[in-house]
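Values below: every heavy atom of this structure, side chains too, minus hydrogens, waters and symmetry copies. First the proteins, then the strands, lettered A, B, ... as listed; each starts at 1. This structure is a prediction, so every number in the text was calculated from the model and none was measured.
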Amino acid sequence: MIKKEICKIISQKEIAQDIFQLNVEADFVNEINAPGQFVHIRVAKALDPLLRRPISISSVDKRNSQFTMIYRKEGKGTTLLAEKGPGMLLDILGPLGNGFPVNEVKAGETALLVGGGIGVPPLYELSKQLTAKGVKVIHVLGFQTESAVFYEKEFLEYGDTYITTVDGSYGKKGYVTDVIKELDFDCLYTCGPTPMLKAIEKQYSHKKVFLSLEERMGCGVGACFACVCKTSNELDDVSYKKVCSDGPVFRAGEVLI
Amino acid sequence: MIKKEICKIISQKEIAQDIFQLNVEADFVNEINAPGQFVHIRVAKALDPLLRRPISISSVDKRNSQFTMIYRKEGKGTTLLAEKGPGMLLDILGPLGNGFPVNEVKAGETALLVGGGIGVPPLYELSKQLTAKGVKVIHVLGFQTESAVFYEKEFLEYGDTYITTVDGSYGKKGYVTDVIKELDFDCLYTCGPTPMLKAIEKQYSHKKVFLSLEERMGCGVGACFACVCKTSNELDDVSYKKVCSDGPVFRAGEVLI
Amino acid sequence: MSRLNIQLPGLNLKNPIMPASGCFGFGREYSQFYDLSKLGAIMIKATTVEPRFGNPTPRVAETSSGMLNAIGLQNPGLEKVVSNELPWLSQYDVPIIANVAGSLEEDYIEVAAEISKASNVHALELNISCPNVKTGGIAFGTIPEVARQLTRRVKEVSEVPVYVKLSPNVTNIVEMAKAVEDGGADGLTMINTLVGMRLDLKTGKPILANRTGGLSGPAIKPVALRMIYEVSQAVNIPIIGMGGIESAEEVIEFFYAGASAVAVGTANFVDPFVCPTIIEELPSLLDTLGYEHISECRGRSWQEHGQLAYHRA
Amino acid sequence: MSRLNIQLPGLNLKNPIMPASGCFGFGREYSQFYDLSKLGAIMIKATTVEPRFGNPTPRVAETSSGMLNAIGLQNPGLEKVVSNELPWLSQYDVPIIANVAGSLEEDYIEVAAEISKASNVHALELNISCPNVKTGGIAFGTIPEVARQLTRRVKEVSEVPVYVKLSPNVTNIVEMAKAVEDGGADGLTMINTLVGMRLDLKTGKPILANRTGGLSGPAIKPVALRMIYEVSQAVNIPIIGMGGIESAEEVIEFFYAGASAVAVGTANFVDPFVCPTIIEELPSLLDTLGYEHISECRGRSWQEHGQLAYHRA
Ligand SMILES: Cc1cc2nc3c(=O)[nH]c(=O)nc-3n(C[C@H](O)[C@H](O)[C@H](O)COP(=O)(O)OP(=O)(O)OC[C@H]3O[C@@H](n4cnc5c(N)ncnc54)[C@H](O)[C@@H]3O)c2cc1C
Ligand SMILES: Cc1cc2nc3c(=O)[nH]c(=O)nc-3n(C[C@H](O)[C@H](O)[C@H](O)COP(=O)(O)OP(=O)(O)OC[C@H]3O[C@@H](n4cnc5c(N)ncnc54)[C@H](O)[C@@H]3O)c2cc1C
Ligand SMILES: Cc1cc2nc3c(=O)[nH]c(=O)nc-3n(C[C@H](O)[C@H](O)[C@H](O)COP(=O)(O)O)c2cc1C
Ligand SMILES: Cc1cc2nc3c(=O)[nH]c(=O)nc-3n(C[C@H](O)[C@H](O)[C@H](O)COP(=O)(O)O)c2cc1C
Ligand code: FES
Ligand code: FES
């Protein structure tokens, strides 16, 4: 059940350059049913910026009715969001969408979690849940440069963690795809920029792969048709899925990316 | 010299129902040259609400580089303003306009200060300055109802203070004009709703009277011609004064109200 | 509440608040949030003869106090709307206004004839003003004679009253309104979106794949109000007003301008509860302002007693 | 800075940033804040033959991310502008673009002939699009043939290049642009304000004494960009773009759309330093985006190399 809730900010801190970790209290954490779901945030009371911002849930603490998001301060909305402090209130719609299917991999099997930049956060909760199930987890996380790297320590707690940077300033120089070639796995979960998702989908068409997509959104709940993508397994050309309500996570091959 | 300054809020408190007293620190307090000048405040960083809000300076503390405003929380802008707390920053343009001429009354003479509702605040600094000069000051302050009354004690420190309320819930029932009929004075200074100003201007056409006007503003500095009023002492019908830069204080009879 | 009911051709509205076409799908999503029977009516997404995928993405871009969209009339097509969506909606006690779109006159006629037979469709909204379809659409909405004729032809086949949705992208909105009134329209809905654009700072290219899109939201409210103000004084058919509404206060403002009911579009995306919230807040706002019934507000901007015969239920 | 200079008919601009007409008076007020010689040019307040008081107040009303104004072309009249304002402005090293308004064709001609003789007036801006004057004005701006002829007549008497200011309140902006180009316009300025309205919640009456007013500010930016995008591809004269600009990023967006220079209006009221701030920020923004000269940005939305002959100084 999707809720609209005025949530209290518990804490916010900058964990890498322009990368903020935001922790809020919300009754709807009980409704979160899979890693990779997201929320839709209204960052201002006034009418500019107007639209909500979609941000993934990066970890959930059901006991304390809290959840965490990690986002990059980029444009107008996230800049305003970054200015908020503990105790302030935030109008949040969530949880939204369908997350990563944790049951597609069994205890003892290996899951490869591949994240690019600001696509990394939702993999954290996924890693926690897979590990709890007894799945072996390997993380490959790509960033632009050293100052953008975050959560390496946190991921290391759950499994091997490879970091790549485009400029080689940290970890291995290059792209995540360079690293994952060498790794073996039963199931791959990924979230990040579209070119990365495309490359992975192509490389592993024979494997079990789940991708989390991004698309510009209006409503975030399936009503406005802003975020559609074509399905690839149909013969006609009018079939579609909505990233916000059918996704954001799809099985590789399910939709055209 | 008008300055645009990012000012720190020192304190804000609700002193009557929906009436807020806001205290800020600003270098430009040194530029304030008369009671009745105002500032133009940008209440949001984002573009809604877009325009600045004009608010009078109600008292000045040059030693601490601070000044105080008193405003009513009414629409969009003042509602956002009322949410701000100590330490937060506010983009203020000021000081603007021409205030009450303190030199129009001499030590030993009597000044009558007549305020209506949210027109009361600028009279406070005026009262302070007149008293300091040795002028005898009498205040007549009109409000809607008891819960809207503010600053009675503060004004009492400087001189006799009559309060009226429209519904009679506090002080004398009725309008300020009912009270001032009974009082004697050498010079009258007033700020408040237009009908009140009109009544006073008419009643005391033979006296020395200064009125502070309100008009919807764009720029606040004289450039946009939003706030003009016709001058009354000219034969043509294109002569005008700008409330923001020629006023807000005018000598009675100077402009058509 | 008997203070909010409004009677319009074909529409017995318990209140004058309805979601605008394209901003509420076919109701399923928002039914997760509240009981759709609370609404005065629902304007469903534009329906065309054939299913349409619409435009490539990105389809939306934000602007100051507004948004651009270029959905491109994505919809499952007449058949599915009639067989799936309308029957699903019939579980709610709410009249449906079916938004009818097409590229050719025949398309409009086919959709209108068919969809107006559905028992819960109480009126049609002729979308002659969608800025996001390449053929037809926009021309229907900018040439008075073409609009008049289309209205007349659709009226001939429709089993329910026909409202025509006007485009604000014209020099003379009054002329357009009069033309469709003359063509037999039972009412007007206005305004559709203003054509606008945003460019991507990095690439220099339009953000929307369709390049241009329709501007909606609070940014366009002053334009909507002005047009309703002008048109309501010039025609004798009622207007369902829309364009940037997001609060009860704004509903009243639209009534003052001359609207007899209103639709809420973009604001649903900002607050999924916006429609029921407005409906709840209206009675106390009427109290504050001193009106017994919302219909008393209509046309106050241009007349003392803005109440016309078709108004009160 | 040689990265910002732009050469347009009559105008040798050290940078492409200028305050828009009506939002900067005749410069005196903003000269308290900074040295006006920093500006690329100044578009002064509309000048008419006779002094005008303009409309009654209230003359402005706020809207979401925008404002309505109905100043009504208040100005001291041709004689005083020529004898007081222009000489005062001549102390600054900045070209003046004189905004010319009137009710009749003869008014425009009289103002144009006279004001174009002033040594610091480097171009005229023919205001055929002011929505706030009752006679003339608006019609000039919506009928192509009328606009063409007015442009031609003014060109005959003007001693400096003539830019025509287009109204966005038309069905077909390209047709208007082509008409004035055909009439001999040396350039276009666009857009003027959209006609809009706000109602007072308590009284039900329009907030503006003039009832309707012109909508400006960030709210209209998407409409301005779309129109500049369309027009810049259809004409061979340069466009000075305006409508909601308040940052260096938006200047680039207007260039991408097809503008060759820009004007900043409403934003001056929000931040009196907006023009010099933008001018200061542009070079580093060009660095970030990888452009050597701002002219490289022009028309990127519709062509690979948006650089036309008249562009680079
Ligand atoms: C399902 C989903 C999950 C996401 N999770 C995260 C996350 O966990 N952390 C994070 O940093 N970012 C995440 N994003 C991207 C994030 O939504 C954008 O970075 C953010 O909306 C940018 O807003 P802004 O105000 O900074 O930028 P602006 O440029 O001011 O935004 C303008 C408009 O474009 C939209 N927009 C801009 N960039 C994007 C984008 N990349 N994707 C979708 N809409 C965009 C905005 O929402 C807004 O409507 C996610 C996006 C989606 C769709
Ligand atoms: C010279 C001057 C001094 C003032 N001093 C004070 C003061 O000391 N304390 C105080 O409470 N109020 C004062 N006011 C009135 C104050 O400016 C308005 O109450 C305030 O702008 C309302 O803003 P809002 O966002 O609450 O209302 P909204 O309705 O959201 O405002 C919408 C627009 O209308 C304008 N507006 C609305 N009401 C007024 C008004 N009465 N006068 C001018 N513009 C208005 C706003 O500035 C804004 O542009 C003063 C006005 C002027 C002109
Ligand atoms: C995403 C989106 C899709 C829309 N689709 C349609 C549509 O299919 N048919 C139609 O007539 N109007 C459509 N509109 C226009 C709205 O119905 C409405 O006229 C307009 O958005 C102005 O109202 P608003 O400012 O409240 O959104 C759409 C608007 C949006 C934002
Ligand atoms: C208060 C005000 C007065 C204006 N006066 C004039 C004018 O005299 N002549 C004119 O051509 N345009 C006038 N305009 C229009 C502006 O020059 C500009 O075209 C419009 O405001 C859009 O730009 P902006 O959004 O940056 O303000 C005026 C605009 C405002 C807000
Ligand atoms: S964002 Fe509206 S349908 Fe997905
Ligand atoms: S507010 Fe602009 S001239 Fe006074």
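The two residues B/Ala148 and B/Ile19 make their nearest non-hydrogen contact at O-CG1, 4.4 Å.
Looking only at heavy-atom pairs under 4.5 Å with chain D, the residue among B/Leu47, B/Asp48, B/Leu93, B/Ile2 that has the most is B/Leu47. Most heavy-atom pairs under 4.5 Å with chain D: of the set B/Gly77, B/Gly75, B/Gly218, B/Ala226, this distinction falls to B/Ala226. When D/Gly25, D/Gly77, D/Pro56 are compared by the number of non-hydrogen pairs under 4.5 Å with chain B, D/Gly25 comes out ahead. Chain D forms the most heavy-atom pairs under 4.5 Å with one residue out of B/Arg42, B/Lys4, B/His40, and that residue is B/Lys4. With chain D as partner, the option from B/Ala223, B/Ala46, B/Pro49 having the largest number of non-hydrogen pairs under 4.5 angstrom is B/Ala223. Interface summary for chain B: among D/Ala61, D/Ala267, D/Gly66, D/Gly217, the most heavy-atom pairs under 4.5 angstrom belong to D/Gly66.
Proximity to chain D is limited to the side chain of B/Met1, based on heavy atoms less than 4.5 angstrom apart. If you measure heavy-atom distances from B/Arg216 to chain D, the contacts under 4.5 Å come from both the backbone and the side chain. Heavy atoms of B/Lys230 lying under 4.5 Å from chain D belong to its backbone as well as its side chain. Only the side chain of D/Glu246 comes within contact range of chain B, with heavy atoms under 4.5 Å apart.
The aromatic rings of D/Tyr34 and D/Phe273 lie tilted to each other, with the angle between the two planes from 30° to 60°.
B/Phe210 and B/Phe100 have their aromatic ring centers separated by at least 6.0 angstrom.
For the residue pair B/Gln66 and B/Asn23, a side-chain donor N or O sits within less than 3.5 Å of a side-chain acceptor on the partner.
In this structure, CD1 on B/Ile55 lies 5.5 Å from CD1 on B/Ile41, to the nearest 0.5 angstrom.
Proximity of a side-chain donor or acceptor of B/Glu31 to a complementary backbone N or O of B/Phe28 within less than 3.5 Å is not detected. D/Arg59 places a side-chain N or O within 3.5 Å of a backbone atom of D/Asn55 that can act as its donor or acceptor partner.
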